Amino acid sequence: MVDYDVIVIGAGHAGIEASLATARMGCNTLLITLKKDTIAQMSCNPAIGGVGKGQLVKEIDALGGQMAKASDACGIQFRVLNASKGPAVWSLRAQIDMELYKKYMREVLENQSNLTIKEAEVERLIIKNNQVGGIITTNKDKIECLCVVICPGTFLDGLIHIGLRNFRGGRIGESASIGLAENLKELGFKILRFKTGTCPRLDKNTIDYSSLKIQEGDQPPNPFSFSTKELTQKQVPCYITYTNEKTHKIILDNLDKSPLYTGIIKATGVRYCPSIEDKVVKFKEKDKHQIFLEPMGYNTDEVYPNGLSTSLPEEVQLKFLHSIKGLEGARVVRFGYGIEHTVVEPTQLYPTLETKLIKNLFLAGQINGTTGYEEAAAQGLIAGINAALKVKNKEALILDRTSSYIGVLIDDLTTKGTNEPYRMFTSRVEYRLILRQDNADLRLREIGYKVGLVSKEDYEETKSKQERIDKARQLIKSTIIKPHPKVNNFLKKLNTPSLNNPISLEKLLRRPQLHLRDFKNIEGLNLESFIFDLPQVEIEVKYAGFIQKQLKEVERFRSLEKIKVPADLDYNKISGLSREIKEKLMHFKPLNLGQASRISGVTPAAISILLVYLKKKIDAKK
């Protein structure tokens, strides 16, 4: 008799989603954390969402996760990024009250049935016949279970750097997890070392805001969760400043004190979120870099200068900060630092996030080579769902690249791997026009409902929304606009040609100058009011041609995904495949032909050979 169905190690963003998912799916779950006080700690910037990341949060919500609801409850400024571009890249981002977020998430966890929280440090996994059976803590407590989900963030053998000084730690002021990192190596996992970093924190009372550009949020603010009807809390502004040539000279003059440029830090850093010293060195042609001064909450004086991540010595940080407009007299509450941590090379995972080496062991978050709260939470949710499905002996959940940003994230990691901290962007997603943030509920709510994480009420609401969209599309298609002085005068005001012949509203709406809201008060149209509140309707009408093209591409993609590859397939028996390709296929163990085609070095010719071989095997069984 085991003690728990599932044990989740780590109570950061991945661990929270994993433990809530398993508990809500009926599994007796233990969540282990080093400190209860740091549950849901936002280690870096006080924000959720962003380009590509906002889509992840929306999808987490659609599947029944918690991050979107927490962000809506604790957000202090909401903005849609890329709003001037097409809907395929619109991405919501929210500034978050960090203390409020921690309190909210802890209360959710503590009030969740089937979930127990324990303060402890895991030293080893219990492994029997290549299957995980529990954990052993540093206090030698032995706790048995059916599945384990490891979500350690940056704590695995974490090494913090401030200037030429370094010390072990998972986060500033918190100890690293050494034993578990060593245990994973002993078990045979291929290990990488990645580096990330964070910015100094400033006292807002010592910042001169009078000469800085203010950045307000959207009005009205848009929520993350599809269940949130309205955001009513007070919105707080951010401010923008810039580094300058003096700032850059101070940094360049002190590179001999940088652990990054003296070779002390050997791990790979985040290319898409570089430190300020990295930006100054690599982009010498730029005479300034933008800095966002982000409030860290309603009831704190701390401000996060987003864009100033650094591991330079404290005295150098202070010097370059004081060279920046508005920060001349700024007091540092806490200095920035860099941190190296252990990563398990993610191609050692199935798309379920279960490890190939050890059965019933799942990994989620930065341990898989990602960076960012949203990427971690998305993985935690999928790992938790699949751990619960494993306990229940049910079929695993695999999201593919055509279904979601989460599917792209996990497919990239498990099929291609990563040699640097992975961050989600819209540019990574081939079918982003049909995988928009506004339709995540229409794409994924049914899946969340079927696994038991979405309520029947929310699922029925999503079905009703789809019916309203279908009805609105039909109404727009059947509504005919006739040439009329009032209509033509209306069109002239919007700088679009007048009508000479009757035209459907659908075709008229495809003109780039026109929007559905423009037709709201046209006399005689008799459009039902609900259609104006469904942004998907206008998007689907305007981009119909592009959407149809992507849907055809999806059909071709899925034709390969449908061809399953047996887990025990002996690639050595397939003639025509090179030795290198056989070795790659045996290492990756692709679940289907589509996944096999995305493995680096596996050629289209090899896929054709594999396809013929699999068809022969299928025909032989008939």
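Just so it is clear, the values below take in all heavy atoms, side chains as well, and ignore hydrogens, waters and symmetry mates. These figures come from a predicted structure and were not determined experimentally.
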Can you check whether Val236's main-chain N or O pairs, donor with acceptor, with Gln77's side chain at less than 3.5 Å?
yes
Is Lys58 salt-bridged to Asp438, going by a charged N under 4.0 Å from an acidic O? no
Please determine, by modelled atom types, if Gln348 and Lys190 share a side-chain donor-acceptor pair under 3.5 angstrom. no
So CE of Met424 and CG of Leu409: to nearest 0.5 Å the spacing works out to 4.5 Å
message = The test is side-chain hydrogen bond (donor to acceptor under 3.5 Å, both in side chains); show your working for Tyr104 and Gln66 and say whether it passes.
response = CA-CA 10 Å; Tyr104 174 99; Gln66 197 65 39; 3.0 Å; yes
Point to revise | Note: Glu186-Arg124 ion pair, threshold 4.0 Å (strictly below) | key: yes
- In terms of heavy-atom contacts, does CD of Gln219 have more than 12 from other residues, nucleotides or ligands at under 6.0 Å? yes
Would you call Asp411 and Lys416 a salt bridge, taking side-chain N to carboxylate O under 4.0 Å as the test?
no
Margin query: Is the ring pair His248/His289 parallel, tilted or perpendicular, if the boundaries are 30 and 60 degrees?
Written below: tilted
For Lys279, is the NZ atom crowded, meaning more than 12 foreign heavy atoms sit under 6.0 Å from it? yes
In this structure, CG of Leu381 is separated from CG of Leu56 (nearest 0.5 Å) by 11.0 Å
CD (Glu245) and CG (Asp287) are apart, to the nearest 0.5 Å, by 5.5 Å
Side-chain H-bond candidate by donor/acceptor type, Glu277 with Thr310, under 3.5 Å
yes
* Just checking, Arg436 and Tyr405: is the charged tip under 6.0 Å from the six-membered ring centre and within 45° of the axis? -> no
*Looking just at side-chain N and O atoms, do Glu345 and Thr347 make a donor-acceptor pair shorter than 3.5 Å?*
yes
Going by distance alone, is a donor N or O of one side chain under 3.5 Å from an acceptor N or O of the other, for Thr415 and Arg598? no
### Side-chain donor-acceptor pair present, Gln55, Ser91, cut-off under 3.5 Å
yes
Rounded to the nearest 0.5 angstrom, the CD1-OG1 distance for Ile117 and Thr33 is 8.5 Å
For this session: Could you verify whether a donor N or O on one side chain and an acceptor N or O on the other, from Asn368 and Thr370, lie under 3.5 Å apart?
Result: no
For residues 318-336, dump all side-chain donor-acceptor pairs below 3.5 Å to protein atoms at least two apart in sequence or in another chain.
from   : atom 1 : to     : atom 2 : distance (Å)
His322 : NE2    : Ala330 : O      : 2.8
Ser323 : OG     : Thr247 : OG1    : 2.8
Ser323 : OG     : Phe320 : O      : 2.6
Glu328 : OE1    : Gly326 : N      : 2.9
Glu328 : OE2    : Gly326 : N      : 3.4
Arg331 : NE     : Asp203 : OD2    : 3.4
Arg331 : NH2    : Asp203 : OD2    : 3.4

Exercise. Verify whether one side chain among Ser404 and Arg401 offers a donor that lies under 3.5 Å from an acceptor in the other.
Key: no
Q. Would you call Asp37-Arg106 a salt bridge at under 4.0 Å N-O?
A. yes
Sidechain-backbone polar pair: Asp72 side chain, Phe224 backbone, donor-acceptor under 3.5 Å: yes
Do the ring planes of Phe557 and Tyr431 sit parallel (below 30°), tilted (30 to 60°) or perpendicular (above 60°)? perpendicular
Pairs under 3.5 angstrom only: tabulate donor-acceptor contacts from the side chains of residues 293-301 to other protein residues two or more places apart or in another chain.
from   : atom 1 : to     : atom 2 : distance (Å)
Glu294 : OE2    : Arg93  : NH1    : 3.4
Glu294 : OE2    : Arg93  : NH2    : 3.1
Glu294 : OE2    : Asn306 : ND2    : 3.0
Tyr298 : OH     : Lys234 : O      : 2.5
Thr300 : OG1    : Glu302 : N      : 3.1
Asp301 : OD2    : Asn205 : ND2    : 3.1

When rounded to the nearest 0.5 Å, the distance separating NZ of Lys266 from CG of Leu159 is 10.0 Å
ask   = Strictly by modelled atom types, are Arg193 and Thr342 linked by a side-chain donor-acceptor pair under 3.5 Å?
value = yes
Flag the pair Lys53 and Glu375 as a salt bridge only when some basic side-chain nitrogen lies within less than 4.0 angstrom of an acidic carboxylate oxygen.
yes
